[in-house]
Amino acid sequence: MSNVFDGDSPTNLAEYSVSELSGSIKRTVETAFDQVRVRGEISGYRGPHSSGHAYFALKDDRARIDAVIWKGTFSRLKFRPEEGMEVIATGKVTTFPGSSKYQIVIETLEPAGAGALMALIEERKRKLGAEGLFDAARKKRLPFMPSVIGVVTSPTGAVIRDILHRISDRFPVHVLVWPVKVQGEGSGEEVANAIRGFNALEPSGAIPRPDVLIVARGGGSLEDLWSFNDEIVVRAAAESRIPLISAVGHETDWTLIDYAADVRAPTPTGAAEMAVPVKAELEAQAAALAARLQGCMNRQMDQRRQSVRALMRALPSLDQLLALPRRRFDEAATGLGRGLELNTINKRRGFERVAAHLRPDVLAGRIAERRQTLNEGMARAERMVERLIDRSKSRVDRAEAILASLPARLKTQTDRGRERLGNLSRHADTAVRHQLTRARAELSAQDRVLQSLSYKNVLKRGYAVIRDEDNRPVSQAAHLSAGMGIAIEFADGRVGAMTTEGGAPPASAKKRSTRPADPPKQGSLF
């Protein structure tokens with residue numbers, strides 16, 4: 001500080017530099033407002049800066065003060081500041097010499113009463129509920145017996161130990177733990193990323209995809225559980241394709257993730273009980289069912305055995321069934337010898353009767369008859385063969401005669417074909433000549449009609465055609481102007497000309513004109 005007296009100065013006030021004055025003001029403000037508590041509404045909050053610091057303002061209905069939260073302090077906050085939230089900030093007031101501004105450096109931040117947080121939660125609940133994130137139709141049923149369970153919670157603390165211990169006691173299965181922060185800055189993003197990460201796993205990948213998810217945290221105040229009210233966490237829970245159990249806080253604690261989850265558990269231990277059944281109970285139930293099944297089978301077998309025995313008593317015995325066949329067999333066996341003797345006697349008698357007719361003279365007579373019959377058959381066959389030979393010779397002679405006359409017949413037919421072909425050729429020539437004559441006549445008639453309609457015949461009678469510069473016919477004088485080049489087409493050729501002013505023709509031209517009066521107009525040819 002300079003304290004030099006200048007005799008020319010009208011006052012003896014001390015002279016300060018700008019830096020000295022700014023530093024003195026900074027020390028004075030920091031000494032006077034070293035620790036203050038300010039209540040106000042957050043304004044201009046856009047999240048932490050890339051450096052990790054957060055800059056915003058606190059305001060009420062009449063004033064506004066800039067605020068800053070340094071990176072180290074921001075990471076220790078229990079909940080994240082939000083635009084429009086009414087808070088109570090504790091810190092010190094300081095100045096920024098570079099721009100002559102003062103601001104409060106916040107060391108702790110808390111909501112201005114639970115009512116403000118509850119109002120914010122209710123507003124967010126209405127917004128997300130209007131989008132259908134809390135609809136019951138979106139809820140998925142939990143699998144009865146999952147093989148893999150995913151847990152999103154802090155890797156330290158009693159929550160994960162309680163869940164693992166409860167699952168191990170009830171039904172040991174494979175548990176995957178995704179460690180996250182459950183409070184403080186960035187905890188909401190970590191929980192949402194964990195839920196989406198479990199959903200992104202492939203069912204048949206190296207890391208198995210869970211059949212059910214548990215998002216768990218121990219009890220705490222409303223500020224401690226604030227991360228589970230973040231919109232990003234609620235949307236991740238609602239979008240999860242894996243059934244999700246929310247186990248945040250105690251039974252009386254409610255967060256927005258409880259509304260988006262498929263099932264809400266009162267405690268993390270309750271979530272483990274919901275996720276898996278009791279193995280001992282299942283084994284006991286299976287044993288009871290197996291015993292009931294065995295008892296049913298035994299009773300069924302006893303009933304069937306009794307039915308078979310009853311049916312057996314109703315059936316006759318083996319001796320009764322075989323008594324009649326045995327008697328018939330014995331009777332047949334007794335009469336078999338006598339029957340054979342009688343049959344042999346009958347056969348012998350029959351043989352003797354036949355043998356009585358087999359005398360030598362009878363056989364000789366039958367042989368002579370058969371020989372005579374054979375000779376007659378041979379004679380008839382020889383006669384038939386001779387007749388067939390004669391018929392074949394006649395057919396061969398006729399065929400030779402036909403073959404001998406065939407060249408003459410072929411020549412006659414060839415001459416007839418040539419004569420017929422010549423007649424057809426002459427008729428065709430005559431028809432073609434007549435057709436050509438008719439075509440020439442029709443063509444000549446069409447040419448005469450075309451010549452009669454051509455404008456060149458009109459030109460031969462002394463007329464001319466006037467054409468403009470584009471070679472288009474001009475039918476009226478009004479279509480021409482002075483100085484326009486025209487072409488006049490006569491019957492024997494064309495000449496070029498230039499138009500002049502319109503008017504009556506000169507008298508000399510009238511005197512020289514010896515053209516007779518126009519003949520009467522010819523009528524239409526059609």
Side-chain angles (χ1 to χ4, degrees), residues 79-80 82-85 111 114-153 159 163 176 178 180 182-183 186-203 209-220 222-277:
F79 69 96
R80 177 183 296 179
E82 293 188 12
E83 180 71 18
M85 180 184 294
L117 290 180
M118 293 304 297
L120 183 61
I121 291 176
E122 289 299 326
E123 180 182 357
R124 188 174 295 171
K125 179 181 176 182
R126 286 193 298 271
K127 172 188 173 184
L128 299 178
E131 297 181 13
L133 299 185
F134 304 150
D135 292 347
R138 298 171 58 93
K139 308 296 183 181
K140 296 175 285 295
R141 297 183 60 182
L142 299 180
F144 175 70
M145 193 178 298
S147 57
V148 180
I149 298 176
V151 180
V152 179
T153 187
V159 172
I163 293 176
L176 296 176
W178 195 301
V180 295
V182 292
Q183 72 179 61
S187 58
E189 288 84 351
E190 290 189 13
V191 173
N193 292 335
I195 295 174
R196 293 193 174 102
F198 273 131
N199 280 269
L201 294 176
E202 295 294 335
R209 181 180 180 182
D211 301 317
V212 65
L213 295 181
I214 299 176
V215 179
R217 188 202 187 282
L222 181 61
E223 293 82 1
D224 295 335
L225 305 179
W226 188 255
S227 298
F228 296 92
N229 293 313
D230 280 352
E231 184 174 340
I232 186 174
V233 175
V234 177
R235 293 188 180 277
E239 295 169 359
S240 176
R241 299 188 303 273
I242 303 174
L244 187 142
I245 303 175
S246 172
V248 179
H250 299 300
E251 186 172 359
T252 58
D253 298 326
W254 281 88
T255 57
L256 293 182
I257 192 176
D258 296 330
Y259 296 97
D262 298 303
V263 177
R264 184 220 177 226
T267 61
T269 304
E273 294 176 355
M274 292 180 179
V276 293

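Heads up: numbering here begins at 1 and tracks the sequence.
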message: Below 30° counts as parallel, above 60° as perpendicular, anything between as tilted: where do the rings of Phe134 and Tyr259 land?
response: tilted
Can you check whether [X] reaches [Y] side chain to side chain, under 4.5 Å on heavy atoms?
X: Val215; Y: Thr153; value: no
X: Leu176; Y: Val148; value: yes
X: Leu213; Y: Pro243; value: no
X: Arg264; Y: Ile257; value: no

Taking all atoms of both residues into account, what is the closest heavy-atom pair of [X] and [Y], and its distance?
X: Pro210; Y: Gly150; answer: CB-N, 3.5 Å
X: Asn193; Y: Trp178; answer: O-CZ2, 4.2 Å
X: Met274; Y: Leu142; answer: O-CD1, 4.1 Å
X: Pro268; Y: Ile163; answer: O-CG1, 3.7 Å
X: Val182; Y: Arg217; answer: O-NE, 3.2 Å
X: Asp211; Y: Pro143; answer: O-CG, 3.6 Å

query: Are Asp262 and Ile245 close enough, and set up right, to give a side-chain contact (heavy atoms from CB on, under 4.5 Å), and what steps lead you there?
result: CA-CA 6 Å; Asp262 298 303; Ile245 303 175; over 6 Å; no
Exercise: do Thr255 and Asn229 side chains pair donor with acceptor under 3.5 Å: no
message: Does Phe228 form a side-chain contact (heavy atoms from CB on, under 4.5 Å) with Gln183? I'd like the steps, not just the answer.
response: CA-CA 9 Å; Phe228 296 92; Gln183 72 179 61; over 6 Å; no
Atom pair CD (Glu123) and CG (Leu128), whose distance is rounded to the nearest 0.5 Å: 10.5 Å
message: Please report the interatomic distance CG(Leu256) to CG(Leu133), rounded to the nearest 0.5 Å.
response: 10.5 Å
message: Please check this pair: side chain of Lys140 against backbone of Ser240, looking for a donor-acceptor N/O pair closer than 3.5 Å.
response: yes
field: Pairs touching residues 141-152 that satisfy salt bridge (Lys or Arg N to Asp or Glu O under 4.0 Å), sequence neighbours left out
entry: none
- request: Sequence neighbours left out, what pairs pass salt bridge (Lys or Arg N to Asp or Glu O under 4.0 Å) with at least one residue falling in residues 231-241?
  value: Lys127-Glu231, Glu131-Arg235, Arg196-Glu239, Glu231-Arg235
Ile214/Val152 under side-chain contact (heavy atoms from CB on, under 4.5 Å): CA gap, chis, key distance, verdict: CA-CA 6 Å; Ile214 299 176; Val152 179; over 6 Å; no
- request: Determine, step by step, whether Val276 and Met145 satisfy the side-chain contact (heavy atoms from CB on, under 4.5 Å) criterion, reporting the C-alpha distance in whole Å, the side-chain angles of both residues, the deciding distance to 0.1 Å, and the verdict.
  value: CA-CA 6 Å; Val276 293; Met145 193 178 298; over 6 Å; no
